[in-house]
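Here is the structure we will look at, set down as structure tokens.
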Amino acid sequence: MQNSMIEKSYDASSTEQKIYDFWENNNFFKFNESSKKKIYTIVLPPPNITGALHMGHALNFTLQDIVARYKRMMGCEILWIPGTDHSALSTEAKVVEVLRKRGVSKTEIGYEKFMQECLAWKNKYGNKITEQIRKLGASCDWSLERFTLDEGCSKAVNEFFVRLYNKKLIYRGKRIVNWCPNCNTSVSDIEVDFKESESELVYLKYFFSDNNNFLTVATTRPETIFGDVAVAVNPGDERYKNFINKEVVVPISGHKIKIIGDEYVDKSFGTGVLKVTPAHDFADFEIGQRHDLKNINIINKNGTLNEKCGNYSGLTTSKARKAVIDDLESSNLLIKKEKIENNVGKCSRCNCTIEPLISTQWFLKMENLAKPALRAVKNGKISFIPERFSKIYMHWMNNIKDWCISRQIWWGHRIPAWHCENCNYITVGLNKVNFCKNCNSKNVFQDNDSLDTWFSSALWPFSVLGWPEFYEKFLRCYPTDLVITGYDIIFFWIARMIFSSIELTGKIPFKKVVIHGLVRDAQGRKMSKSLGNGIDPIDIISKYGVDALRLTLVMGLTLGNDTRFSEKKIEGSRNFINKIWNAARFLKISNENITPKIELKNLSIYDKWMLNKLSDTIQEIQKNMEKFEFGMAIQKIYSLFWDDFCDWYIEFSKINFKNNLSNLNTCCYILCEILKILHPFIPFVTEKIWSFFNNNALTVSNYPEFNSNFNYEQDSKDVENIIAIIRAIRIKRNEMNTPHNKKINIFISTKFEDLITKNSDKIKKLANINNIYINKKLDGGKILTCALDFANIMIPLQDLTNQDELNLKLKKELEELKKRIDKNKKLLQNKNFIEKAPTDIVENIKNILDSDEKKYSVLLNKFISQPQD
RNA sequence: GGGAGCAUAGCUCAGUUGGUUAGAGCGCUUGCUUUACACGCAAGAGGUCACAGGUUCGAGUCCUGUUGUUCCCACCA
């Protein structure tokens, strides 16, 4: 690097790709299985292959990478395996859409060809995703990259399925499920979003079969009357209890059904009479089970009514509803209609209304899986950070129902079950089944369904380790240490990994679950395609660089809380990065031969002050890093670098350098130490700057430790005093309206004559002073006095000063001082305080009072005055 | 209906186990081409910590209640 070539401002776009290649080509992130270091394993949430990465991913990968890089520098062997998720339903829908544009359907091209089309999609878009993960700077081991549908993951999936089937934890059953007529598949409970919508509650006449009276039934779904199998009332309802076991006639349809009593019925809702349609309502299904009622399925899988619905067959449920209501009205069977707010289930993927219907599906029995999964969190083996998310997890796990794991789509893990055409027996096996285990018939075919995409994601932490093969590696790296994810997939993924892992491996999948929030737009709205307010992280990266993006996402972040992203914020981050760049540039152009080196014997008090600060900060941020308090850690480093290192230390050093290489080297050493602690957050620019001064790579260097040798209390205090003098002078200059470019003279009366004399060059330069007269008599004219603990600074009044304004300010200062003096005096007179408060607090108050009183008396007499001695 | 979060400067947010004068970034005001950086430097204004009680020598922080707001869960047809 030629120093003369260092540009005035840092250009991220020309640097970042080269740096990542440098890391990757040198295998810095490669997991060394035979390493003696402590292994630290992070489970990387594999992104979908359907879209591009969004801001949520950027946050997620940033946080993971901060931990990975920090732990690596702390001496751990990092195992962080990247990969992508086949995201069954989303990908299938996208590929179907592509085919549709080409004018073909998936059934036309057939299973094999369709799977090839999907694989082609994966190769194209999956690679785009992995490129973007690299762009974000993720320091994962690409040689271990995985895909949830690759051979190894498929093996784990089949193993899981077969084992649980044999244990009867996976079963096939005809039950009511959430059906999406648009996606044409069943979906699980958590893939249904309930959205509040305005519906029409209609009151219908159900005549008794043996007389002319009727019961009034209120329903929002009149089109399902063809599936009615009973009318239910609460057995405790005085109005209706005598009708139980009588018969009514379903309007329009005309079939006769019984009146039953069931506690579920709410007397106060509608008329207190409920029509029971077990095939198309979850609650009704349960009532049906309790009363041994049959199920009449009246809705086709495409969302239309079937042949059981007479004239209405073929109509969609919403059209049929209108038609049924019209007909009921015209035949005088409808009493009234009223608008109500209710929750309607929508498919979380396509937003289409979910039709509950009865269908044969594969289910995972949850009851026994949930218990140990609950225990692992309860007894602290797995901890959520922040802790409150464990409550959300437990509540869900406590109320969990069986998981419908089969999907009527092709792209995904095909269910390893073979049906016999002959005897209908199902043979489940790891390998292709060629004959029926029951009747030996060779007439067997594989189940057409595939598995829910989360079924394979649930095994991700151990399937990527090669489980059930490569058992030794598995044992060395498992349970993993950490998973970081957004709160929106606790149920989808985190919970399922926990019970799957415990069931299958006997071990928890990870020790810690760090939960972060959503990235919202500048107004706090969720970023979404429909709003068009999404910000593409890749656009931001090309404009500002990924370091700036990472810094913005993590600055001021509180785990578990949502965060807002705005262009204003990222400008601040870019400015900070540019500041680092320029500090380095300054050192490099000061002397080409500069190296990060420290000679303890040659340290100035300023070096010692800075080392003291650095050491303290390192100690603090290490605590923050261990507790995943990234926002707090970066804030401290930011302030250390900008407020201490740049604003004071470099400014002092400028005066000390005088081309002294040893001094420069010390400064460079400290800069490099700061680069180390910054590196996990902003890896690219720090690596680049590091290369100006070092031959090795920053990313594999050691994290600085708290160094007790750098405990320079007294020297630090001296520097603090110098700073206090400079600050005081600057403040007074401003109050006197003296511009910075005008030099002034000052008089100081102090007991620290030696210190101030020795360091007067710094004071003169940084406060722009001509002459400093220490403990000298002033000659004539008005002066402005500033009182410090150890010195009184007197400045002859300047031409531009508005004395009235100044007096007002000083008066206010005196008042505030007086207030505090009174308050602290009172406090010290309080016996309870003296007795109960810790002594250091009491001492502190005493000291403050002392110094306040001194200042007060100085200011009271001398604030604007004729000089005195 | 159940549960959780949030409420602190004009805006966005920090504030670790209660302890000096409640912080940062942005914005605003004033001054500055001070030989790294105007993506900069120096100084400044701006807060009843939502409200009401309580515990404590001491509360932004702990407890109770109220209000506002966001989110999650739940089968009220």
Side-chain angles (χ1 to χ4, degrees), chain A residues 6 8-10 194 199 201 217-221 232 264-266 268-271 273-277 281-287 340 342-343 356 386 388-389 391-392 395-396 399 487-488 490-491 517-518 522 524 555-558 560-564 566 568-569 571-590 620 623-624 627 629 631-632 635 638-639 646-647 650-651 654 727 730-735 737-742 765-768 816 819-820 823-824 827 830-838 840-842 844-845 847-849 852:
Chain A
I6 300 179
K8 245 181 162 182
S9 55
Y10 170 61
F194 284 92
S199 299
L201 185 64
V217 174
T219 179
T220 51
R221 300 207 57 188
Y264 168 78
V265 180
D266 179 353
S268 62
F269 188 91
T271 57
V273 186
L274 170 72
K275 77 185 200 58
V276 182
T277 320
D281 184 284
F282 281 84
D284 292 7
F285 183 79
E286 279 172 26
I287 295 174
I340 58 156
N342 70 342
N343 286 327
R388 71 183 128 95
F389 289 101
K391 271 189 254 170
I392 294 171
H395 181 259
W396 189 73
N399 296 288
Y487 58 68
D488 49 335
I490 292 175
F491 305 144
L518 267 42
M555 193 84 89
L557 180 82
T558 314
N561 287 6
D562 292 350
T563 170
R564 297 187 193 200
S566 70
K568 259 273 158 304
K569 271 192 197 171
E571 279 174 16
S573 304
R574 179 205 53 194
N575 295 353
F576 176 67
I577 286 162
N578 195 50
K579 185 85 178 168
I580 308 168
W581 178 261
N582 272 289
R585 175 170 177 265
F586 168 65
L587 292 183
K588 192 72 184 175
I589 58 184
S590 294
E620 281 178 45
K623 282 183 200 150
N624 292 138
K627 288 194 276 182
E629 294 164 344
M632 222 176 273
Q635 182 60 53
Y638 184 101
S639 169
C646 292
D647 289 351
I650 286 191
E651 294 306 321
K654 276 179 186 172
R727 277 221 168 98
R730 283 173 175 173
I731 291 169
K732 293 302 160 192
R733 285 181 72 110
N734 258 286
E735 285 178 2
N737 293 328
T738 311
H740 182 265
N741 53 4
K742 195 185 171 225
K765 182 83 197 325
L766 297 186
N768 212 22
E816 272 165 21
K819 241 195 225 165
R820 205 164 73 217
K823 192 183 137 203
N824 285 338
L827 197 55
N830 186 339
K831 266 187 200 157
N832 273 324
F833 174 71
I834 303 288
E835 280 167 23
K836 292 184 183 170
D840 55 320
I841 299 286
V842 178
N844 227 331
I845 297 284
N847 290 339
I848 290 163
L849 183 62
D852 278 353

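First the proteins, then the strands, lettered A, B, ... as listed; each starts at 1.
One interatomic measurement links the two molecules: CD of A:E629 to P of B:G15, which rounds to 8 Å at whole-angstrom precision. Regarding A:K623, its NZ atom lies at a distance of 14 Å from the P atom of B:U16, rounded to whole Å. For the pair A:E816 CD and B:U21 C1', the interatomic distance rounds to 9 Å; values are reported in whole Å. Taking atom NZ on A:K831 and atom P on B:C57, their separation rounds to 15 Å, with Å as the unit. Look at CG on A:N737: it is 13 Å from P on B:G44, rounded to the nearest Å. Atom CG of A:N830 and atom P of B:G58 are 8 Å apart (whole Å). In this structure, A:N582 places its CG atom 7 Å from P of B:A38, rounding to the nearest Å. The CD-P distance, from A:E735 to B:G44, rounds to 8 Å in whole Å.
In terms of heavy atoms, A:S566 sits closest to A:A522 at CB-CB, 3.7 Å. The shortest heavy-atom contact between A:T271 and A:V217 is OG1-CA, 4.0 Å. For the pair A:V276 and A:A232, the tightest heavy-atom approach, listed with the atom from each and the gap, is CG2-CB, 3.7 Å.
Across all strands, A:K823 comes closer than 4.0 Å only to sugar-phosphate atoms, never to a base (heavy-atom distances). Using a 4.0 Å heavy-atom criterion, one finds that A:E571 contacts no nucleic acid atom at all. Across all strands shown, A:R585 has heavy atoms under 4.0 Å from sugar-phosphate atoms exclusively, and none from any base. When heavy atoms are screened at a 4.0 angstrom cut-off, A:N741 is found touching the sugar-phosphate backbone but no base atom. Within 4.0 Å of A:R574, counting heavy atoms only, lies at least one base atom of the nucleic acid. Across all strands, A:E835 comes closer than 4.0 Å to no nucleic acid atom at all (heavy-atom distances). Counting any heavy atom pair closer than 4.0 Å across all strands shown, A:K8 reaches sugar-phosphate atoms only and no base atom. Counting any heavy atom pair closer than 4.0 Å across all strands shown, A:K836 reaches a base atom.
Taking atom P on both nucleotides, B:A36 is separated from B:G31 by 25 Å, rounded to a whole Å. Of the P atoms belonging to B:G23 and B:C6, the separation is 22 Å, rounded to the nearest Å. Rounded to a whole angstrom, the distance from the P atom of B:G58 to that of B:A45 is 31 Å. The same atom, C1', is picked in B:U61 and in B:C72; the two are 26 Å apart, to the nearest Å. Taking atom C1' in both B:C63 and B:G44, one finds a spacing of 40 Å when rounded to whole Å. Nucleotides B:G60 and B:G18 are separated by 13 Å at their P atoms, to the nearest Å. B:G47 and B:A9: their C1' atoms are spaced 5 Å apart (whole Å). For B:G40 and B:A4, the C1' atoms lie 45 Å apart once the distance is rounded to whole Å.
A side-chain N or O of A:Y487 and one of A:D562 form a donor-acceptor pair less than 3.5 Å apart.
No N or O donor and acceptor, one from the side chain of A:K588 and one from the base of B:A36, sit under 3.5 Å apart.
Proximity note for A:R388 (side chain, C-beta onward) versus B:A4, B:G27, B:A36: the nearest is B:A4. In this structure, of B:C57, B:G31, B:A36, it is B:G31 that holds the atom nearest to the side chain of A:P739. Here B:G19 is the nucleotide among B:G19, B:U35, B:U21 with the atom lying nearest to any side-chain atom of A:A837. The A:I731 side chain lies nearest to B:G44 when the options are B:G27, B:G44, B:G19. Relative to the side chain of A:E651, the nucleotides B:U35, B:A36, B:A43 differ in distance, and B:A36 lies closest. Closest approach to the A:N734 side chain among B:G44, B:U30, B:C57 is made by B:U30 (side chain taken as heavy atoms from C-beta onward).
Taken to the nearest 0.5 Å, the OG1 atom of A:T563 stands 4.5 Å off from the NZ atom of A:K569. Between A:N582 atom CG and A:L587 atom CG the span is 11.0 Å, to the nearest 0.5 Å. In this structure, A:C646 SG and A:K579 NZ are separated by 5.0 Å, a value rounded to the nearest 0.5 Å.
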- Note on the structure: Note, RNA chain B 5' to 3' with Watson-Crick or G-U pairs under 3.5 Å encoded as ( ), [ ], | and . gives (((((((..((((.....[...)))).(((((.......))))).....(((((..]....))))))))))))....
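Proximity of A:D281 to A:R221: side-chain heavy atoms (C-beta onward) are nowhere separated by under 4.5 Å. Under the 4.5 Å side-chain criterion, counting only non-hydrogen atoms from C-beta, A:L274 is in contact with A:D284. Proximity of A:Y10 to A:I580: side-chain heavy atoms (C-beta onward) are nowhere separated by under 4.5 Å.
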- Message: Determine whether A:I490 and A:W396 satisfy the following criterion, side chain to side chain contact (heavy atoms under 4.5 Å, CB included), listing intermediate values before the conclusion.
- Response: CA-CA 10 Å; A:I490 292 175; A:W396 189 73; over 6 Å; no
- Task: Run the numbers on A:K8 and A:R585 for side chain to side chain contact (heavy atoms under 4.5 Å, CB included), then give the verdict.
- Result: CA-CA 8 Å; A:K8 245 181 162 182; A:R585 175 170 177 265; 3.6 Å; yes
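Heavy atoms of other residues, nucleotides or ligands lying less than 6.0 angstrom from NZ of A:K819 number 12 at most.
Taking the six-membered ring where tryptophan is involved, the planes of A:F576 and A:Y638 are essentially parallel, since the angle between them stays under 30° and well short of 60°.
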- Query: In B/S/- notation, 5' to 3', how is nucleotides 72-77 of chain B contacted by protein heavy atoms closer than 4.0 Å?
  - Reply: -SBBBB
- Note on the structure: A correct 5'-to-3' footprint of nucleotides 7-14 of chain B, with B, S and - meaning base, sugar-phosphate only and no protein heavy atom under 4.0 Å, is -----SSS
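Taking the charged nitrogens against the carboxylate oxygens, A:K732 and A:E735 do have a contact shorter than 4.0 Å, which makes a salt bridge.
For the OP1/OP2 pair of B:U34 and a distance below 4.0 Å, the side-chain nitrogens and oxygens of A:K654 include no atom meeting the criterion. Of the side-chain N and O atoms in A:N575, one or more sit less than 4.0 angstrom from OP1 or OP2 of B:G40.
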